[in-house]
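Okay, structure first, notes after.
It should be emphasised that the depicted structure is a prediction, and the values quoted were computed from it without experimental measurement.
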Amino acid sequence: MSKAKCLIVLILFVMHYAQAEAYRCLGADGKVGFSDKPCVKGQATEVVHLPDELPAWVAQLKNQKPASVKIIDVVKNDGDININYEFGSAADASAFMRLTSTLSKQNVTLLKVSPPTGEMRVSNKSSPLFSKIINDNKSKKAEANKDFSKCIPEIASHEGNFSYEEACEVRKSCPEGKAGEPVRMYCTLVNIDQCNTSRSWQTIQELVGLPHSTQVQTVSKQVSVVNGVKTTKTCALYN
């Protein structure tokens, strides 16, 4: 078989099988053939490495990419696909990455960029940096949604809403806040008259020792008796 005919056969074989390797078989009659299976015993065999077929989304990417983006080459490497490209603007480069992610439905990582060229990797494997960012964000969200509580070993026997002016009168000093705003306050003394005369009213933040800016969601009072021992506490739930 002439070299030209061998080349045509090989090209047709690549188009048909589109796999990583093939077998070049030399028969006893001197004829050359190609197969995706090992040659028949007794035939001279040569393994021919063929380029892997690119996924269909690559062709879509080439057709839908921003006008200023030029794809230089697309290389398949260990299951990943590396794309080298040129771009006319940062906006088009970003749009190109988003489009690649949408069409491939895989993780897209920017490997390097040196305007006007860039290189990105498309892979099913997560980027270590991306995974770290995701995990950090999850931790922050969990921390943000976590409820906290702070308690004192006393019961707030009395509580009530006061105007800001009234609050100033029943306390040793005016509470933090603005004039005209209502203030909810608590007192741990048994007798409410004692709360007034001793000016012992406090906001819940002051009572349990939280900063004034803390947004308290719920105030709970608990009394329990265990083995004949009575325990009490007042708690502020916040986040």
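Legend: salt bridge (charged side-chain N to carboxylate O under 4.0 Å, His left out) pairs involving residues 65-75, not counting sequence neighbours: none detected. Residue pairs meeting the salt bridge (charged side-chain N to carboxylate O under 4.0 Å, His left out) criterion with at least one member in residues 103-115, sequence neighbours excluded, are K112-E119. Applying the ring-ring contact (aromatic ring centres under 6.0 Å, His included) test to residues at least two apart or on different chains, the pairs with a partner in residues 54-96 are Y85-F96. The side-chain hydrogen bond (donor to acceptor under 3.5 Å, both in side chains) pairs that include a residue from residues 168-182 are R171-E206, where partners are two or more places apart or lie in different chains. Under the ring-ring contact (aromatic ring centres under 6.0 Å, His included) criterion, the residue pairs touching residues 175-227 are F162-W201, with sequence neighbours excluded.
At a threshold of 4.5 Å between non-hydrogen side-chain atoms, the residues T109 and M120 do not count as touching. For the pair L210/K150, a side-chain contact is recorded, criterion being any heavy-atom separation below 4.5 Å from C-beta on. In this structure, the side chains of V183 and N161 stay at 4.5 Å or more apart for every pair of heavy atoms. Counting only heavy atoms from C-beta outward, the side chains of V74 and N82 never approach each other to under 4.5 Å. Residues M185 and Q202 have side chains not in contact (no heavy-atom distance under 4.5 Å, counting atoms from C-beta outward). Within the 4.5 Å cutoff, side-chain heavy atoms of T234 are placed close to those of V219. Here the side chains of D78 and D80 are not in contact, with every heavy-atom distance at 4.5 Å or above. Residues K233 and I152 form no side-chain contact, since every pair of their non-hydrogen atoms from C-beta on lies 4.5 Å or further apart.
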Could you walk me through whether T188 and L207 pass the side-chain contact (heavy atoms from CB on, under 4.5 Å) test, one step at a time?
CA-CA 9 Å; T188 58; L207 186 65; 3.8 Å; yes
Run the side-chain contact (heavy atoms from CB on, under 4.5 Å) check on V170 and R199 step by step: do they pass?
CA-CA 5 Å; V170 297; R199 297 189 174 185; 5.7 Å; no
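Judged by distance alone, with hydrogens and angles left aside, the side-chain atoms of S94 form a donor-acceptor pair with the main-chain N or O of A90 at under 3.5 Å. No donor-acceptor pair closer than 3.5 Å links the side chain of S149 to the backbone N or O of L237. At distances below 3.5 Å, at least one donor-acceptor pair connects side-chain atoms of H158 with backbone N or O atoms of V190. Between the side chain of N63 and the backbone N or O of A59, at least one donor-acceptor pair lies under 3.5 Å.
Cluster annotation: L111 is not connected to V122 through the hydrophobic network of ILVMFWY side chains, with a link wherever side-chain heavy atoms come within less than 4.5 Å. Side-chain heavy atoms closer than 4.5 Å link hydrophobic residues (I, L, V, M, F, W, Y) into clusters, and following such links, even through other members, never connects I72 to V75. Linking Ile, Leu, Val, Met, Phe, Trp and Tyr residues whenever their side-chain heavy atoms come within less than 4.5 Å places V108 and L54 in a single cluster.
For R98, there are no salt bridge (Lys or Arg N to Asp or Glu O under 4.0 Å) partners at least two apart in sequence or on another chain. Every side-chain contact (heavy atoms from CB on, under 4.5 Å) that T232 has, sequence neighbours left out, goes to I155, V223, K230. For T117, the side-chain contact (heavy atoms from CB on, under 4.5 Å) test picks out E86, S114, with sequence neighbours left out. Contacts of S200 classified as side chain to side chain donor-acceptor pair (under 3.5 Å), with partners at least two apart in sequence or in another chain: S198. In terms of the salt bridge (Lys or Arg N to Asp or Glu O under 4.0 Å) criterion, D92 has no residue partners (sequence neighbours excluded). Residues satisfying the side-chain contact (heavy atoms from CB on, under 4.5 Å) test with P211, not counting sequence neighbours, are S213, T214. Every residue meeting the side chain to side chain donor-acceptor pair (under 3.5 Å) condition with E159, not counting sequence neighbours, appears here in chain and number order: R184, K221.
Summarising the geometry of S68 relative to S89, their closest heavy-atom pair is OG-N, 4.0 Å, with the distance given to 0.1 Å. Considering all non-hydrogen atoms of both residues, Y164 and C174 come closest at OH-CB, 3.6 Å.
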